Structures are given as structure tokens and as C-alpha cells.
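Scroll down for the structure; my scribbles are underneath it.
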Amino acid sequence: MADEGEIANILADRTVAESIAQNAKLLSKQANKPECEDCGLEIPQQRREIAPWAETCTECQSIREQRGKHRRVAY
């Protein structure tokens, strides 16, 4: 019979495997979608190879990041 440590390791391994499978599906979907979510232009192949999770072209990503720097956080 497995002890608590072995059971925890099995559950952790299963959770990691499920997470990897989900991320692989997301990356696969993104790789098939070469258009920028913001401007609709094609995301350059080099960017898609380097960052397959990218949803935007580099220009639109820069705009998103600049907007994020200037947001006020409500506490």
C-alpha cells in the first residue's frame, strides 16, 4: 500500500501532466491563429516561433504594455 508521500507524488505528477496537456492544446490553437488580436494583421513567423503563446504583434504588445504602466490600481 502506498504511503501519503507516494500518493501526493502521484497526484502532483498527474496534475502536472494535465497542465502540460492543456497548455499544449492552447499553444496548438495559437499556432494556428497567426493574426494579431488587436490589429488583425499577421503576427510575424519569427515572433510566433519565439513566443508561440503571443496573441498580438510586437507593436500592439508594446501598446498594451504602455497602457498597463499608466493604469491606476484601486485599493
Side-chain angles (χ1 to χ4, degrees):
M1 179 159 205
D3 66 6
E4 290 179 13
E6 290 174 5
I7 293 171
N9 282 335
I10 291 168
L11 291 175
D13 289 345
R14 186 177 300 161
T15 301
V16 169
E18 290 171 358
S19 179
I20 289 170
Q22 286 177 337
N23 287 335
K25 284 181 185 178
L26 290 173
L27 288 174
S28 175
K29 285 181 183 178
Q30 193 62 37
N32 294 329
K33 184 181 169 197
E35 296 89 21
C36 174
E37 285 188 356
D38 292 354
C39 69
L41 297 176
E42 183 178 357
I43 298 172
Q45 179 67 30
Q46 185 178 10
R47 176 164 170 75
R48 286 186 280 139
E49 289 172 2
I50 293 170
W53 59 86
E55 299 172 342
T56 59
C57 64
T58 53
E59 187 173 334
C60 289
Q61 184 62 37
S62 294
I63 293 168
R64 282 184 176 191
E65 290 172 5
Q66 286 298 317
R67 286 181 182 160
K69 288 180 183 177
H70 298 291
R71 287 190 181 150
R72 292 184 181 198
V73 179
Y75 291 100

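No experiment lies behind these values; they were computed from the predicted model shown.
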Measuring from Thr15:OG1 to Ile10:CD1, what's the distance to the nearest 0.5 Å? 11.5 Å
d(Glu35 CD, Leu41 CG) to nearest 0.5 Å is 9.5 Å
Indicate the atoms forming the closest heavy-atom contact of Thr56 with Arg64, along with that distance. CG2-CZ, 3.3 Å
Nearest heavy-atom approach of Cys36 to Cys57 is SG-N, 3.4 Å
Would one find more than 12 heavy atoms of other residues, nucleotides or ligands at under 6.0 Å from atom CD of Glu59? no
Check the pair Gln61 / Glu65 against side chain to side chain donor-acceptor pair (under 3.5 Å), numbers first and verdict last. CA-CA 6 Å; Gln61 184 62 37; Glu65 290 172 5; 3.3 Å; yes
Scan side-chain atoms only and decide if Glu49 and Gln45 contain a donor-acceptor pair under the 3.5 Å cut-off. yes
Do Ser62 side-chain atoms and Thr58 backbone N/O form a donor-acceptor pair below 3.5 Å? yes
